[in-house]
Amino acid sequence: MSTASPLTATPRPGTARPAVAGAGHAPAGSRPLKRRIAFASYVDENYLPGFLTLLRSLALTNPTLCEDFLVLHDDLRPDSIARIRALHPRVRLRAVRTDHYADFVKGDQTNYLVRKAYFILDVFTVRDYDTIITLDTDMVVLDRIDELLRMRDGLGAVAQFFHGESKLNSGLLVIQKEFLTDAFCARVDEIGLAGSYELDKHDQGILNALLAGDFVRVDARYNYVKRRLAGNKPVPEDVAVLHYTGRHKPWQGGETGYAPAEEVWHRYDLDDAALRAEFFALPGRKHPELVRHFGRQAHRAGSGLDTAVQLADALMELGDYREAAEVLGRHRIPARDARAHALYGNALMACARYEEARTHLLLATAHPPTAPRAHARLAQLAWVLHDDATAASHALSGLSADPTDRMCGILHRRTAPVSGAGRPADAPPAGRNGASDQGGGRAGRLAHVAFYMDGQGNAGDKVLPEAVRRCFSDDTGPGAWQSEHVHRFVDDAALERINRQRGLVIGGGGLFIPDTSPNGNSAWQWNVTDEAMRRIEVPIAVFAVGYNTFEGQGYARERFTESLRTLVERAAFFGLRNHGSVERVRDLLPRELADTVVHQPCPTTVARQLIPGWRDPAERDDTVLLNIAYDRAGLRFGHDYGHVLAELATAIRRIGEHTEVRYASHAVTDDTFVTDLRREHGISLPVLPMYDWSTERILAEYARTKLVIGARGHAGMVPFGVGTPILSLISHPKLGYFLRDIDRPEWGVSVHERHLAELLTERALGLLDRHEATVADVHDRQVLLWKITQENMGRIRPLLGDPA
């Protein structure tokens with residue numbers, strides 16, 4: 001089907017375009033990051049059959065979309081609401097202002113068309129969203145409508161077919177934030193009360209009188225009126241939304257002369273079981289929330305294994321690991337179904353049911369397509385349980401099946417013997433892969449639980465462990481530290497190693513995140529049970545840990561909260577790396593524990609103070625370094641990745657007229673942005689593969705550039721720590737948290753800004769023009785964080801028995 005853009009013209013300037021004072025300049029972290037989008041319809045009992053069919057058609061033709069759906073209503077029965085909720089997981093009911101519109105409808109409460117005309121205007125009173133797409137209840141969706149969700153400007157609508165380009169058809173509206181204001185609502189009410197519009201058009205008349213033709217023209221395929229098909233014309237293949245205009249509706253018997261159109265509507269007039277069957281038979285990706293919603297219904301109705309696999313896969317993506325395991329556990333999985341065994345093994349592993357997981361993953365290795373990934377998971381499972389020999393064996397088997405499998409390669413290098421060339425050059429400071437298992441405690445050492453990064457791992461996480469250690473001692477090696485990788489299970493041997501030291505440091509990094517290495521023991525990155533935590537006999541310092549969830553991402557709340565509470569109870573010091581994390585964690589704790597959670601900045605932000613003999617560069621390269629985080633792209637960008645890419649291309653060109661722009665790649669996945677930029681916009685950037693670099697080289701490169709524009713937390717904190725000005729491209733709350741801590745929210749720009757290129761260029765060139773003053777400002781801001789760190793260390797050292 002056609003994928004043409006819905007925009008066939010640009011909006012003309014006019015009085016109907018509300019101005020938004022200060023739009024796009026909200027302080028970092030003060031509002032949701034991602035653009036909030038919702039569908040909306042006015043629904044009553046008469047048009048309920050049409051609305052139910054609209055919802056079914058939306059699910060079947062757009063299975064990757066799942067946004068909030070506002071149901072504006074004034075008289076829906078409870079059973080009707082239940083039927084609506086069964087068809088969409090994110091229904092938001094909203095009562096309309098019946099009293100407010102009483103004068104408009106002039107007592108004609110029985111006329112649905114009149115009531116609908118006014119009550120859909122109630123959508124302009126909604127303040128919770130940045131974009132609202134209204135759909136009439138006499139529509140069906142026949143093709144992808146993603147383009148509508150990517151619209152960013154004006155009020156979009158299809159021009160009326162029988163009245164020319166100057167008037168809109170209000171059946172479908174794409175309303176942007178600047179129209180969802182009290183001022184615009186007041187103008188709608190004013191025109192409605194005055195009656196200065198086409199009385200037979202109602203809402204269309206009011207909006208046409210108000211906008212005077214000043215709306216964004218959307219392609220007619222997104223609101224294709226039925227009357228264009230008179231004479232039994234077939235529905236064109238490229239129609240995306242078919243609108244059954246007129247008084248005769250398909251569920252009421254229809255109208256002669258429109259047989260093909262009527263047939264299309266009845267195609268989606270399904271019962272719930274038939275809808276689920278068609279939905280799960282669709283090929284390709286489906287939105288995990290839709291799969292979970294329909295999958296749970298199907299599972300309760302006794303669906304088969306194929307549906308259970310799709311449901312479990314969606315639950316895994318959403319972080320519902322326990323339910324995923326329960327769903328698959330209710331089915332007998334044939335030995336030949338490798339995909340189901342692999343998925344079940346992954347779910348069991350995420351629940352810390354390791355022996356059961358091993359059984360199913362081994363079954364998955366018997367089939368070539370799933371063997372490499374199954375061996376990778378078995379290698380990871382063995383490594384988590386401190387069995388390096390078995391891990392190495394599985395990694396090698398996986399590489400034999402697929403030499404390009406990255407995870408098998410990582411696990412093979414991670415478990416290779418530590419000798420000569422067998423040890424990676426950038427191995428963690430305390431032995432093989434940060435998990436020194438040698439016996440024999442050393443007096444005065446500290447145990448350190450951290451995420452020790454592999455080769456080609458995240459550059460920021462490479463820098464972190466050493467930065468944490470420098471806060472405690474100039475000696476960052478095994479003479480002073482016993483390394484324990486945060487992802488390895490804390491068994492009796494690990495407890496014994498920890499308890500032989502004089503204390504335990506946990507951090508830094510965003511360890512409070514559920515999905516990096518999911519485990520059922522804690523529901524965050526440290527793979528430890530509550531019972532094991534209570535057996536730790538030495539003082540514990542939680543140091544500069546971050547609460548790293550994305551917007552809309554959640555934990556296994558009960559398990560995480562219990563683990564968190566146990567940790568806080570046991571910790572002698574509990575410091576989180578920004579006030580945003582402090583606030584989020586305190587909200588999960590009882591008052592007596594919440595007060596013990598304090599702010600401890602990430603040590604990378606004070607690197608200049610920590611590194612002995614540090615000297616700021618005498619001169620800097622005339623460069624700007626750019627970084628874009630690409631992992632979890634859906635959570636970061638939503639529907640706006642194309643917009644972000646285009647806006648950054650424009651900004652790169654403009655900034656490049658003043659100084660050279662280079663790309664600082666923190667992780668292998670970050671390179672995707674450079675590829676997309678070259679393919680879509682013809683821009684090639686020099687790439688600095690920091691994931692391959694040592695800590696010293698990373699710090700040196702950041703210290704000698706003039707500005708870093710980064711979308712990763714440590715693409716801001718690391719350069720800031722070596723005294724370099726930063727601009728944060730905010731795609732995660734933590735970037736805004738840090739800027740709020742240093743009282744420089746203007747050093748952040750949301751990736752979802754409508755005019756991202758203009759704002760980013762303006763701020764970047766401003767900082768470059770004031771470079772020396774900005775460097776001095778960075779140093780001044782850093783003093784505040786260094787003071788907090790020194791004060792905290794003054795408290796921590798005695799608690800950990802440090803004679804210093």
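Within 6.0 Å of CZ in R322 there are 12 or fewer heavy atoms belonging to other residues, nucleotides or ligands.
Two residues are said to be in side-chain contact when any heavy atoms from C-beta on lie closer than 4.5 Å; D671 and Y691 meet this criterion. A 4.5 Å side-chain heavy-atom check between S665 and Y663 finds at least one atom pair inside the cut-off. Contact annotation: the side chain of N346 never approaches that of Y321 to less than 4.5 Å [non-hydrogen atoms, C-beta and beyond]. Using a 4.5 Å cut-off on side-chain heavy atoms (C-beta onward), I611 and L699 make contact. The shortest side-chain heavy-atom distance between L576 and V597 falls under the 4.5 Å cut-off. Between R414 and L411, the closest side-chain pair of non-hydrogen atoms falls below 4.5 Å.
Atom-to-atom distance recorded for F489:CZ and N519:CG is 9.5 Å, nearest 0.5 angstrom. To the nearest 0.5 Å, the span separating CD1 on I709 from CG on L727 amounts to 5.5 Å. In this structure, L385 CG and D491 CG are separated by 8.0 Å, a value rounded to the nearest 0.5 Å. To the nearest 0.5 Å, atom CD of residue Q600 and atom CG of residue L785 are 9.0 Å apart. Here the CG atom belonging to L495 is positioned 9.0 Å from the CD atom belonging to E484, to the nearest 0.5 angstrom. I513 contributes atom CD1, which lies 11.0 Å from atom CZ of F560 (distance to the nearest 0.5 angstrom).
Of all the heavy atoms in G801 and R502, the pair that sits closest is C-NH1, 4.0 Å. Heavy-atom minimum distance, L739 versus S728: CD1-CB, 4.0 Å. Pairing each heavy atom of A480 with each of D475, the nearest pair is CB-O, 3.6 Å. Nearest heavy atom pair, residue Q380 against residue S517, reads NE2-OG, 4.3 Å. Contact detail for L464 and G509: the closest heavy-atom pair is CD1-CA, 3.4 Å. Closest approach of A544 to P601, counting heavy atoms only: CB-O, 3.6 Å.
Ion pairing of D454 with R413 is absent here, as no side-chain N (NZ or NE/NH1/NH2) approaches a carboxylate O to less than 4.0 Å. Between E466 and R470 there is a salt bridge, since a side-chain N of the basic residue sits under 4.0 Å from a carboxylate O of the acidic one. Between R559 and D530 a salt bridge is recorded (basic side-chain N to carboxylate O distance below 4.0 Å).
For residues 533-544, the side chain to side chain donor-acceptor pair (under 3.5 Å) pairs, not counting sequence neighbours, are D492-R535.
Evaluation of the salt bridge (Lys or Arg N to Asp or Glu O under 4.0 Å) rule for R615 yields no partner, not counting sequence neighbours. Judged as a side-chain contact (heavy atoms from CB on, under 4.5 Å), and not counting sequence neighbours, the contacts of H579 are E583, H599, R740, D741. Contacts of E326 classified as side-chain hydrogen bond (donor to acceptor under 3.5 Å, both in side chains), with partners at least two apart in sequence or in another chain: none. Shown here are the side-chain contact (heavy atoms from CB on, under 4.5 Å) partners of A325, two or more places apart in sequence or in another chain: Y344, A347, L348, C351, R353. For R377, there are no salt bridge (Lys or Arg N to Asp or Glu O under 4.0 Å) partners two or more places apart in sequence or in a different chain. Checked against side-chain hydrogen bond (donor to acceptor under 3.5 Å, both in side chains), Y702 has the following partners two or more places apart in sequence or in another chain: H666. Applying the side-chain contact (heavy atoms from CB on, under 4.5 Å) test to D777 and every residue at least two apart in sequence or in another chain returns R744, W747, D780, R781. By the salt bridge (Lys or Arg N to Asp or Glu O under 4.0 Å) test, E496 is found to be paired with R500, residues two or more places apart in sequence or in another chain being considered. Take R292 and apply the salt bridge (Lys or Arg N to Asp or Glu O under 4.0 Å) test, not counting sequence neighbours, and it matches D320. For S393, there are no side-chain contact (heavy atoms from CB on, under 4.5 Å) partners two or more places apart in sequence or in a different chain.
T596 places a side-chain N or O within donor-acceptor distance of the main-chain N or O of L593, the cut-off being under 3.5 Å. The backbone N or O of H487 sits nowhere less than 3.5 Å from a side-chain atom of Q525 that would complete a donor-acceptor pair. Side-chain N or O atoms of H394 include none that pairs as donor or acceptor with a backbone N or O of A376 at under 3.5 Å. Under the 3.5 Å distance criterion, the side-chain polar atoms of T561 are left unmatched by any main-chain donor or acceptor of E558. Although no hydrogens or angles enter the test, the distance criterion places no donor-acceptor pair under 3.5 Å between the side chain of D388 and the main chain of T415.
Judged purely by distance below 3.5 Å, without hydrogens or angles, the side chains of D587 and Y547 never pair a donor atom with an acceptor atom. Between the side chains of Q482 and H448, no donor-acceptor pair is found at a separation under 3.5 Å. Inspection of the S581 and N578 side chains reveals an N or O donor paired with an N or O acceptor under 3.5 Å.
Relative orientation of the F637 and Y630 rings is tilted, given thresholds of 30° and 60° on the angle between their planes.
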- [ ] Starting from the C-alpha separation in whole Å, work towards a yes-or-no answer on side-chain contact (heavy atoms from CB on, under 4.5 Å) for W526 and I506.
- [x] CA-CA 9 Å; W526 193 21; I506 302 171; 3.5 Å; yes

TODO: Any chance you could lay out the side-chain contact (heavy atoms from CB on, under 4.5 Å) test for I540 and L800, step after step, and finish with the verdict?
DONE: CA-CA 8 Å; I540 300 173; L800 299 184; over 6 Å; no

TODO: Just do the side-chain contact (heavy atoms from CB on, under 4.5 Å) check on W481 and F472 with the steps written out, would you?
DONE: CA-CA 10 Å; W481 295 88; F472 293 81; 3.7 Å; yes

- [ ] Begin with the C-alpha distance, continue with both residues' side-chain angles, and end with the deciding distance and a verdict on side-chain contact (heavy atoms from CB on, under 4.5 Å) for T529 and V490.
- [x] CA-CA 8 Å; T529 64; V490 180; over 6 Å; no

Please list, one pair per line, the donor and acceptor atoms closer than 3.5 Å that link side chains of residues 564-573 to other protein atoms, with sequence neighbours excluded.
from : atom 1 : to   : atom 2 : distance (Å)
T566 : OG1    : E562 : O      : 3.0
R570 : NE     : M533 : O      : 3.3
R570 : NH2    : I536 : O      : 2.3

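Within the 6.0 Å centre-distance limit, the rings of H485 and W383 are counted as a close aromatic pair.
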